[in-house]
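This report refers to the structure that appears directly beneath it.
When a ligand or atom number is given, it counts from 1 through the structure's own listing order.
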Amino acid sequence: MRVGIGYDVHALLDNTGLILGGVDIPHTQGLKGHSDGDALTHAIIDAVLGAASLGDIGGQFPSSNALYKNARSLDLLKTVVSKLHDKGWRVGNVDATIVAQRPTLAGYTSQMAINLASAMGVKTSQINVKATTTDGLGFAGMEEGLAAYAIALLEEQQ
Ligand SMILES: [Zn+2]
């Protein structure tokens with residue numbers, strides 16, 4: 001078994017879509033990014049890549065490559081998981097935490113887990129997504145940006 005950690009931050013901007021775990025969330029602000037800015041999915045991609053010693057999301061999908069402009073992050077995750085399978089790994093479980101002051105995300109985390117599990121080809125019960133605030137402190141609390149943490153366990157395929 002192998003573990004990996006992922007962390008991602010995107011700036012919050014007015015008049016941009018907020019997509020987390022592939023869920024479109026109604027909000028006054030969204031995430032700046034070369035792709036869809038899905039910080040949760042990016043953190044998970046980094047966690048699984050880390051566990052497999054495959055570098056990071058920037059190395060796999062360089063932002064200099066126009067192919068990845070406005071890319072759907074769930075599609076990037078699907079690509080990464082198929083690389084893991086090629087290397088003999090399968091996803092055991094993923095746990096993630098989104099750090100955002102607003103909006104309240106509790107009502108969306110189940111759908112995020114469903115989307116992420118589907119992209120990874122695992123059961124929804126293998127994916128856990130949580131959300132927390134920082135009590136108004138720091139960049140997340142000031143709503144300048146949003147962060148996501150993820151940890152992934154990979155198992156060797158039998
Ligand atoms: Zn990102």
Side-chain angles (χ1 to χ4, degrees), residues 3-84 89 91 93-106 108-122 126-134 137-154:
V3 293
I5 186 170
Y7 175 65
D8 195 31
V9 173
H10 282 252
L12 279 163
L13 297 178
D14 292 337
N15 305 314
T16 311
L18 178 60
I19 297 175
L20 290 167
V23 180
D24 258 299
I25 296 156
H27 190 44
T28 52
Q29 291 186 304
L31 295 172
K32 182 185 177 188
H34 188 256
S35 62
D36 58 10
D38 188 337
L40 170 63
T41 302
H42 295 174
I44 291 172
I45 288 172
D46 264 358
V48 294
L49 285 172
S53 294
L54 287 173
D56 64 13
I57 187 170
Q60 295 286 335
F61 308 105
S63 55
S64 57
N65 188 335
L67 192 63
Y68 306 123
K69 186 163 171 59
N70 302 319
R72 197 168 157 265
S73 296
L74 284 183
D75 291 336
L76 303 182
L77 177 60
K78 198 181 263 187
T79 301
V80 162
V81 169
S82 93
K83 283 187 189 188
L84 296 183
W89 297 105
V91 175
N93 77 298
V94 169
D95 185 27
T97 299
I98 304 162
V99 184
Q101 195 63 36
R102 284 191 319 135
T104 301
L105 296 170
Y108 300 101
T109 51
S110 310
Q111 187 60 49
M112 292 176 200
I114 290 167
N115 293 351
L116 291 159
S118 162
M120 284 186 269
V122 300
Q126 288 168 270
I127 311 298
N128 192 68
V129 179
K130 314 179 289 301
T132 188
T133 71
T134 61
L137 299 172
F139 69 82
M142 306 291 284
E143 297 179 45
E144 295 167 345
L146 178 152
Y149 296 86
I151 186 163
L153 178 83
L154 300 184

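Distances from the Zn ion (ligand 1) under 2.8 Å pick out these protein N/O/S atoms: Asp8 OD2, His10 NE2, His42 ND1.
Asn93 has its side chain out of reach of Ile151: every pair of non-hydrogen atoms, C-beta onward, lies at least 4.5 Å apart. Between Val80 and Leu54 the shortest side-chain heavy-atom distance does not fall below 4.5 Å.
Here the closest heavy-atom approach between residue Leu154 and residue Val91 is recorded as CD2-CA, 3.9 Å.
Every residue two or more places apart in sequence or in another chain that forms a salt bridge (charged side-chain N to carboxylate O under 4.0 Å, His left out) with Lys130 is listed here: Asp95. Legend: residues meeting ring pair (Phe, Tyr, Trp, His ring centres under 6.0 Å) with Tyr7, ordered by chain and number and at least two apart, are Tyr149.
The stretch residues 58-67 participates, sequence neighbours left out, in these side-chain hydrogen bond (donor to acceptor under 3.5 Å, both in side chains) pairs: Gln60-Lys83.
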